[in-house]
There are 2 protein chains.
Amino acid sequence: MGNSNLLNKMAEIIQKSDNQTAKQKKIMEVAISLFAEKGYSNTATAEIAKLAGVAEGTIFKHYGTKENLLLSIMVPFLKELFPSMADELFEELMTDNISFEEFLRKFLKNRTHFLLDNQEIFQVFIKEMIYKEELKNELVPYIFEQASPRLGKVIDVFQKRGEVIDLPISQIKNVLATTVFGFFISRFALLNRQYLNDEEIDHIVRFIINGIGSAPNP
Amino acid sequence: MGNSNLLNKMAEIIQKSDNQTAKQKKIMEVAISLFAEKGYSNTATAEIAKLAGVAEGTIFKHYGTKENLLLSIMVPFLKELFPSMADELFEELMTDNISFEEFLRKFLKNRTHFLLDNQEIFQVFIKEMIYKEELKNELVPYIFEQASPRLGKVIDVFQKRGEVIDLPISQIKNVLATTVFGFFISRFALLNRQYLNDEEIDHIVRFIINGIGSAPNP
DNA sequence: TTAAAAAGTGAGTACTCAATCACTATAAAT
DNA sequence: ATTTATAGTGATTGAGTACTCACTTTTTAA
């Protein structure tokens with residue numbers, strides 16, 4: 001049933017993605033920019049080649065297919081989306097005794113900056129996920145799988161401290177994930193904001209705290 | 001500068017959109033389904049014709065261009081998106097003395113059902129808005145223009161009753177719009193949920209109330 | 001009943017696009 | 001210096017595309 005065909009391809013790409021030529025870098029750079037602006041389907045390989053100052057054949061020599069060029073853009077982004085955050089932030093959080101609210105704020109700021117730094121790739125990502133069922137069906141579960149255990153551990157800690165409402169962890173995960181996910185998507189992908197100030201982060205934090213924090217509920 | 005070229009086209013479509021042939025209806029039906037599934041760019045007019053049991057020429061006889069077929073799908077949806085709600089719900093609200101929370105709940109339920117009934121068109125709408133700058137730049141202001149005065153009136157009423165936090169109305173409008181908008185988009189367009197239970201609506205209402213309601217703020 | 005108008009057809013057209021391939025230029029290894 | 005491997009080229013291909021047009025069928029009006 002084509003089981004994780006995509007994830008296998010991704011693994012291949014990761015191995016090959018080390019030594020890039022100057023021209024390869026230029027191709028990627030231009031492709032990211034065009035895909036983000038006009039979408040994958042509306043971008044011709046000829047246009048990428050022209051703007052990158054490269055023959056069209058060069059693209060296919062390196063990436064084989066247009067589809068594979070897209071994956072070569074998205075995979076390194078995905079690889080960085082979770083693990084980096086995990087090791088830096090989650091550990092720090094578990095040692096220091098910061099509040100749930102402060103943790104959320106730090107977390108959102110951290111990921112916001114990452115997404116701002118990679119705004120174009122993020123846009124490519126969202127836009128393609130909307131169309132390609134395969135992408136959605138394989139990557140969303142993968143992302144959840146990556147994030148779920150860590151997130152569960154964090155929620156558990158804060159529930160025991162009495163800072164998070166006493167509901168099944170899976171339910172809280174869902175609320176958190178869809179809220180944060182929806183927030184990032186609508187900000188950076190749909191309305192293409194170039195910035196995000198602390199005030200807006202405070203807002204979403206307040207929303208979440210009031211939604212799943214265990215403050216007295218009138 | 002192509003000023004509201006699109007809105008003119010939309011006006012034309014509205015006038016012509018009355019008496020539809022059986023084949024026209026079938027074309028629209030198939031086009032909506034295919035555009036929603038695979039996106040506008042990835043759908044060939046030949047495929048629409050085939051699935052609709054119609055010659056390809058028939059499509060162009062009626063709609064002229066593929067682009068115009070897309071508009072013919074979106075315009076009636078847009079026309080219904082705001083006014084219907086306005087006349088039914090807003091008036092009712094102003095006479096009865098329902099609370100801000102209850103108003104929000106009713107409003108969200110009302111619009112949720114509308115979007116569920118037109119889920120495919122809504123998906124087409126979101127997907128294309130992401131790509132087409134012209135669409136975004138002309139329609140989003142138009143939508144805001146339509147909704148803004150009514151929304152302003154409502155917020156004003158509730159502010160005077162002391163149920164909504166005392167901030168500039170424009171700022172509150174923004175928070176409300178982006179929250180609700182982002183909520184609908186992430187639910188129905190990205191993660192394509194087929195349903196939405198009352199519990200989830202309660203959640204978003206609670207988020208908003210705690211965010212901009214004037215409850216004591218710890 | 002007949003004329004005019006509208007709806008519907010489908011082969012044909014001009015064009016775009018991803019992908020190929022025979023080839024050259026450059027760098028690395030022997 | 002010579003072979004081998006890798007990077008890069010660009011004209012060519014063939015499948016697919018939106019759209020046209022001369023034509024037929026059906027509906028409406030006189």
Side-chain angles (χ1 to χ4, degrees), chain A residues 6 9 12-13 15-35 37-74 124 127-128 131-132 134-135, chain B residues 6 9 12-13 15-35 37-74 124 127-128 131-132 134-135:
Chain A
L6 196 66
K9 271 191 207 166
E12 272 177 47
I13 288 169
Q15 293 188 324
K16 287 182 192 165
S17 68
D18 286 332
N19 324 16
Q20 286 196 332
T21 325
K23 300 219 169 187
Q24 276 191 69
K25 277 180 195 159
K26 191 76 200 172
I27 290 169
M28 290 278 271
E29 195 186 309
V30 170
I32 287 169
S33 160
L34 288 178
F35 287 168
E37 187 198 332
K38 311 193 298 173
Y40 174 78
S41 297
N42 302 317
T43 304
T45 49
E47 195 184 357
I48 297 170
K50 197 176 177 185
L51 280 173
V54 151
E56 207 174 343
T58 308
I59 294 174
F60 290 94
K61 177 121 278 171
H62 286 296
Y63 303 99
T65 63
K66 191 189 172 189
E67 180 90 27
N68 209 48
L69 170 61
L70 176 65
L71 280 178
S72 299
I73 287 168
M74 301 197 314
V124 173
K127 285 178 181 179
E128 286 321 300
Y131 286 110
K132 305 240 167 76
E134 195 197 7
L135 214 65
Chain B
L6 195 67
K9 271 190 205 166
E12 274 177 46
I13 288 170
Q15 293 189 323
K16 287 182 192 165
S17 67
D18 287 333
N19 324 17
Q20 286 198 334
T21 324
K23 300 218 169 187
Q24 276 191 69
K25 277 179 194 158
K26 192 75 201 174
I27 290 169
M28 290 277 271
E29 196 187 308
V30 171
I32 287 169
S33 160
L34 288 178
F35 287 167
E37 189 198 330
K38 310 193 300 173
Y40 174 80
S41 298
N42 302 318
T43 305
T45 49
E47 195 185 357
I48 296 170
K50 197 177 178 186
L51 280 174
V54 151
E56 208 175 343
T58 308
I59 294 174
F60 291 94
K61 179 123 275 172
H62 287 297
Y63 303 99
T65 63
K66 191 189 172 189
E67 179 91 27
N68 209 49
L69 170 61
L70 176 65
L71 280 177
S72 300
I73 287 169
M74 301 197 315
V124 174
K127 286 177 180 178
E128 286 321 300
Y131 286 110
K132 305 239 166 76
E134 195 197 8
L135 214 65

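Everything numeric here is computed off the predicted structure, so don't read it as measured data. Every chain is numbered from 1, with letters handed out A, B, ... down the list of sequences.
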Between atom CD in B:Q20 and atom P in D:dT27, what is the gap in whole Å? 18 Å

Just call it for A:S41: base, sugar-phosphate, or nothing, with non-hydrogen atoms closer than 4.0 Å on any strand. nothing

Using modelled atom types only, decide if a donor and an acceptor are shared between the side chain of A:Y40 and the backbone of A:E67 within a distance under 3.5 Å. yes

Let me know the distance between NZ of A:K61 and C1' of D:dT9, rounded to the nearest Å. 9 Å

For A:T45, answer base if it contacts any base atom (sugar-phosphate contacts may also be present), sugar-phosphate if it contacts only those atoms, and nothing otherwise; contact means non-hydrogen atoms under 4.0 Å. base

Residue mapping more 5' on DNA chain C - nearest nucleotide basis, A:N42 or A:G57: A:N42

When you measure from the side chain of A:T43 to the backbone of A:G39, do you find a donor-acceptor pair of N or O atoms at a distance under 3.5 Å? yes

Could you state the NZ-P distance from A:K26 to D:dG8, rounded to the nearest angstrom? 14 Å

Measure OH/A:Y40 against P/C:dC17 and give the value in whole Å, please. 13 Å

Minimum-distance nucleotide to B:H62 side chain [options: C:dG8, C:dA18, D:dA7]: C:dG8

Just one of A:K66, A:K50, A:E56 clears the side-chain hydrogen bond (donor to acceptor under 3.5 Å, both in side chains) bar with A:T45, so which one? A:E56

Base, sugar-phosphate, or nothing: which does B:E56 touch, judged by heavy atoms less than 4.0 Å apart? base

Nucleotide nearest B:A44 when distance is taken to its side chain, options D:dG8, C:dT9, D:dT17: D:dT17

Between D:dT20, D:dG8, C:dG8, spot the one nearest the side chain of B:F60, thanks. D:dT20

Just to be sure I understand the rule, does B:K66 reach a base, reach only the sugar-phosphate, or reach nothing, if contact means heavy atoms closer than 4.0 Å? sugar-phosphate

From CD1 of A:I59 over to P of C:dA19, roughly how many Å is that when rounded to an integer? 11 Å

Round to the nearest Å and state the distance from A:L70 atom CG to C:dA19 atom P. 12 Å

B:K23 (side chain) and C:dG8 (base): donor-acceptor pair under 3.5 Å: no

Sub-4.5 Å side-chain heavy-atom contact between B:I27 and B:T21: no

Working to the nearest 0.5 Å, report the span between CD of A:E37 and NZ of A:K127. 8.0 Å

Closest to the side chain of B:T21, out of C:dG8, C:dA19, D:dC19, is C:dG8

Measure the distance from NZ on A:K50 to P on D:dG8 and round it to the nearest whole Å. 21 Å

Whole angstrom value for the distance that separates P of D:dT6 from CD of A:Q24: 13 Å

